[in-house]
2 protein chains.
Amino acid sequence: MAAEMDKEEQLPENVMPSISVDNLIFAMQNGRLKVLLVKYKEGLAADKWGLIGHWVQYDESLEEAAHRVVTSTTGVVNLYLDQLGAFGKVNRYPGRRIITVVYYSLVRFEEAELQQGDNTHEVAWFDIREVPELIFDHKEILNACLEHLKYKVRHEPIGFSLLPEKFTLLQLQEIYEAILDTKLDKPNFRRKIQKMNLLINCKEKQQAVAHRAATLYRFDINVYEKLKEFGFNFEF
Amino acid sequence: MAAEMDKEEQLPENVMPSISVDNLIFAMQNGRLKVLLVKYKEGLAADKWGLIGHWVQYDESLEEAAHRVVTSTTGVVNLYLDQLGAFGKVNRYPGRRIITVVYYSLVRFEEAELQQGDNTHEVAWFDIREVPELIFDHKEILNACLEHLKYKVRHEPIGFSLLPEKFTLLQLQEIYEAILDTKLDKPNFRRKIQKMNLLINCKEKQQAVAHRAATLYRFDINVYEKLKEFGFNFEF
DNA sequence: ACAAAAGTGTTACGGGTACACCCATGC
DNA sequence: GCATGGGTGTACCCGTAACACTTTTGT
């Protein structure tokens with residue numbers, strides 16, 4: 001929620017008055033799924049953690065608004081972005097009726113350079129199992145999104161958006177384990193992924209790891225597009 | 001889209017100014033999936049077919065608004081209702097910026113008694129493969145919803161919301177065929193459904209049909225609730 | 001040597017698929 | 001008798017699950 005105003009609300013000139021966009025930005029770090037939260041400076045949400053919200057300008061679509069927020073907060077331009085849905089309980093935002101449209105995005109952790117917004121004084125990644133108390137209905141929104149991600153990750157090859165260009169099969173497996181909140185069998189996982197013909201062997205190995213070096217892979221973007229179009233089955 | 005005004009817009013007193021709720025109402029008739037459309041009396045959508053839209057009152061949630069619209073149009077109170085998402089391109093509604101939140105619902109055809117709204121002069125069911133030209137971005141919305149239904153029907157037992165209390169297995173199969181837009185193998189379908197323990201044999205037969213009378217079934221609502229909670233797999 | 005992760009092989013089970021086939025009813 | 005849909009049986013295939021096992025690298 002864009003909740004950066006005090007009670008005498010000062011809306012910017014060119015934004016819609018009763019609609020906000022909230023963003024859930026996810027990334028993988030050390031095998032853990034993280035979500036980006038901000039602490040607001042002032043207003044009803046002052047000094048509390050929440051999702052990254054903003055108002056919608058009259059000259060941008062909802063999706064463009066969401067994209068703008070993600071880019072301005074993380075610097076990332078190449079990302080997966082999708083809508084979770086609209087949240088519109090009567091009293092979800094205290095004192096005023098605001099509908100929020102929620103988007104979630106998946107970014108590569110290494111590419112993200114966190115930037116303070118005008119209305120926030122902290123931005124940080126949180127392990128999804130260790131999020132603090134959140135403002136308004138943001139916890140509910142986060143939970144809905146985590147559920148949705150489970151659903152989504154089985155039907156579209158979106159997990160890849162969280163990985164660097166070259167990655168190991170274990171890294172990929174960890175994403176599925178984190179999102180599905182389960183442990184997967186390594187041999188079976190490898191075979192399943194390989195059979196999709198989605199990965200290209202880089203013919204390179206990891207460097208300087210304290211164990212046998214793993215092969216690095218990257219995606220075959222063509223196959224990726226086809227899978228998105230014709231379906232994808234990733235049930236475990 | 002609630003598009004029932006002329007250019008000198010006359011919004012009711014207690015509604016949000018730039019948000020509407022649009023509804024996709026589905027039902028099964030004679031083995032065909034139908035969607036409910038209305039023809040508007042006046043305004044930008046005058047004399048054209050579109051989804052059933054309305055404004056959102058300040059004292060009702062988005063879902064309550066959607067529910068109100070469905071009930072006032074069809075008289076149905078017992079229904080499946082879910083959000084499809086928000087649509088918010090800049091020029092989706094001509095002349096003014098309006099975000100619409102779209103809900104879809106599944107009703108029993110026999111229970112629906114269509115009622116004219118204040119702003120419409122026709123309400124009718126259309127076969128989903130034979131929809132006329134629609135106003136604004138409503139065709140896009142319909143297509144998105146049909147896609148979403150395919151997705152949904154495999155993971156939650158929602159197909160049943162389209163059936164009368166007592167139904168035959170063929171009726172159920174026709175729903176899946178219509179939504180998934182495919183032909184299914186009868187013997188396999190029967191076994192798959194039966195094994196879910198979702199159906200209770202009514203120990204009754206169809207009456208007066210020109211072939212061997214089929215057994216009538218109804219749902220086991222308890223199992224239904226459990227499947228909703230713990231997952232449901234209906235891949236074909 | 002040991003830990004840690006990469007990677008391969010094998011087997012059993014169950015579900016999905018594709019049919020063939022018989023049954024009941026009305027015209 | 002024939003068309004229409006109801007309903008059962010079966011055999012094959014393939015994906016999944018479970019788990020044992022070998023390989024490579026760093027400390």
Side-chain angles (χ1 to χ4, degrees), chain A residues 28 30-32 153-155 157 163-164 166-178 180-218 227 230-236, chain B residues 28-32 150 153-155 163-164 166-178 180 182-218 227 230-236:
Chain A
M28 282 297 284
N30 300 329
R32 314 280 293 174
V153 85
R154 296 178 200 206
H155 293 85
L163 290 174
K166 297 174 183 178
F167 54 87
T168 69
L169 292 179
L170 182 60
Q171 284 178 291
L172 186 56
Q173 182 175 343
E174 284 169 342
I175 288 176
Y176 280 86
E177 291 182 336
L180 299 174
D181 193 22
T182 180
K183 203 77 185 108
L184 301 174
D185 181 86
K186 184 174 50 158
N188 294 336
F189 180 87
R190 297 172 64 83
R191 270 187 291 264
K192 178 148 188 169
I193 289 285
Q194 306 255 32
K195 201 155 33 180
M196 291 180 183
N197 287 319
L198 194 61
L199 301 185
I200 297 175
N201 188 325
C202 294
K203 318 243 182 210
E204 283 181 66
K205 299 278 183 185
Q206 277 180 312
Q207 300 294 326
V209 283
H211 53 76
R212 176 173 175 179
T215 304
L216 293 173
Y217 292 87
R218 57 191 175 82
L227 281 182
F230 296 111
F232 182 79
N233 192 310
F234 217 101
E235 308 278 344
F236 284 101
Chain B
M28 283 297 285
Q29 184 194 21
N30 300 331
R32 314 281 293 176
K150 285 190 194 180
V153 86
R154 296 178 200 204
H155 292 85
L163 290 174
K166 297 174 182 180
F167 53 88
T168 70
L169 292 179
L170 181 60
Q171 284 179 290
L172 185 57
Q173 181 175 344
E174 284 169 342
I175 289 177
Y176 280 87
E177 291 183 337
L180 298 174
T182 180
K183 202 78 185 103
L184 301 175
D185 182 86
K186 183 174 51 159
N188 295 337
F189 180 86
R190 299 174 61 84
R191 271 188 290 264
K192 178 148 186 167
I193 289 284
Q194 306 256 29
K195 200 155 34 176
M196 291 181 185
N197 287 318
L198 195 61
L199 302 184
I200 296 174
N201 188 325
C202 293
K203 319 245 181 209
E204 284 180 64
K205 298 279 182 186
Q206 278 180 313
Q207 300 294 326
V209 283
H211 53 75
R212 176 173 175 180
T215 304
L216 294 173
Y217 292 87
R218 56 190 176 82
L227 281 181
F230 296 111
F232 182 79
N233 193 310
F234 217 101
E235 308 279 343
F236 283 102

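Residue numbering restarts at 1 for every chain, and letters A, B, ... go by the order of the sequence lines. Heavy atoms only: backbone and side chains are in, while hydrogens, waters and symmetry mates are out.
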Protein-nucleotide distance ([X], atom [atom1]; [N], atom [atom2]), rounded to Å:
X	N	atom1	atom2	answer
Gln173(A)	dA17(D)	CD	P	12 Å
Arg154(A)	dT16(D)	CZ	C1'	14 Å
Phe189(B)	dG7(D)	CZ	P	13 Å
Glu174(A)	dA5(C)	CD	C1'	11 Å
Tyr217(B)	dG6(D)	OH	P	11 Å
Gln171(A)	dG7(C)	CD	P	12 Å
Tyr176(A)	dT16(D)	OH	P	13 Å
Lys205(B)	dA24(C)	NZ	C1'	9 Å

Sort me out a list of protein N/O and nucleotides 9-11 of chain C N/O pairs below 3.5 Å, or just none if empty.
{"unit_1": "dG9(C)", "atom_1": "N7", "unit_2": "Arg191(A)", "atom_2": "NH1", "d": "3.1"}
{"unit_1": "dG9(C)", "atom_1": "O6", "unit_2": "Arg191(A)", "atom_2": "NH2", "d": "3.1"}
{"unit_1": "dT10(C)", "atom_1": "O4", "unit_2": "Arg191(A)", "atom_2": "NH2", "d": "3.3"}

(message) According to side chain to side chain donor-acceptor pair (under 3.5 Å), does anything in residues 209-218 of chain A pair up with another residue at least two apart or in another chain? List the pairs.
(response)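 Output for this query lists Lys205(A)-Thr215(A).
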Enumerate the protein-to-nucleotides 23-27 of chain D contacts in which both atoms are nitrogen or oxygen and the separation is below 3.5 Å.
{"unit_1": "dT23(D)", "atom_1": "O2", "unit_2": "Arg212(A)", "atom_2": "NH1", "d": "2.8"}
{"unit_1": "dT24(D)", "atom_1": "O2", "unit_2": "Arg212(A)", "atom_2": "N", "d": "3.1"}

(request) Check step by step if side chain to side chain contact (heavy atoms under 4.5 Å, CB included) holds for His155(B) and His155(A). (result) CA-CA 11 Å; His155(B) 292 85; His155(A) 293 85; 3.1 Å; yes
Provide the closest heavy-atom pair for [X] versus [Y] in the form atom of the first, atom of the second, distance.
X	Y	answer
Gly31(B)	Glu174(B)	CA-OE1, 3.5 Å
Tyr176(B)	Leu184(B)	CB-CD1, 3.8 Å
Leu180(B)	Lys150(B)	CD2-O, 3.8 Å
Gln194(A)	Leu169(A)	NE2-CD1, 3.8 Å

(request) To the nearest 0.5 angstrom, please state how far the NZ atom of Lys183(A) sits from the CG atom of Asp185(A). (result) 9.5 Å
(message) To the closest 0.5 Å, what do you measure between CG (Leu216(A)) and CD1 (Ile200(A))?
(response)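 Rounded to the nearest 0.5 Å, the CG-CD1 separation comes to 13.5 Å.
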(request) Give a yes or no on whether the backbone of Lys203(A) and the side-chain of Asn201(A) come within a donor-acceptor separation of less than 3.5 Å. (result) yes
(message) OP1 or OP2 of dG7(C) versus the side-chain N and O atoms of Thr215(A): is any pair under 4.0 Å?
(response)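 Affirmative; the distance criterion is met.
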(message) Just to be sure I understand the rule, does Leu170(B) reach a base, reach only the sugar-phosphate, or reach nothing, if contact means heavy atoms closer than 4.0 Å?
(response)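 Sugar-phosphate: the residue Leu170(B), judged by heavy atoms under 4.0 Å, touches backbone atoms but no base.
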(request) Taking ring pair (Phe, Tyr, Trp, His ring centres under 6.0 Å) as the test, write out the residues that go with Phe167(A), two or more places apart. (result) Phe219(A)
Sort me out a list of protein N/O and nucleotides 12-15 of chain C N/O pairs below 3.5 Å, or just none if empty.
none

(message) According to side chain to side chain donor-acceptor pair (under 3.5 Å), who are the partners of Arg191(A), at least two apart in sequence or on a separate chain?
(response) Asn188(A)
(request) Report yes or no: is there a donor-acceptor pair, N or O only, under 3.5 Å between the side chain of Lys186(B) and the base of dG5(D)? (result) no
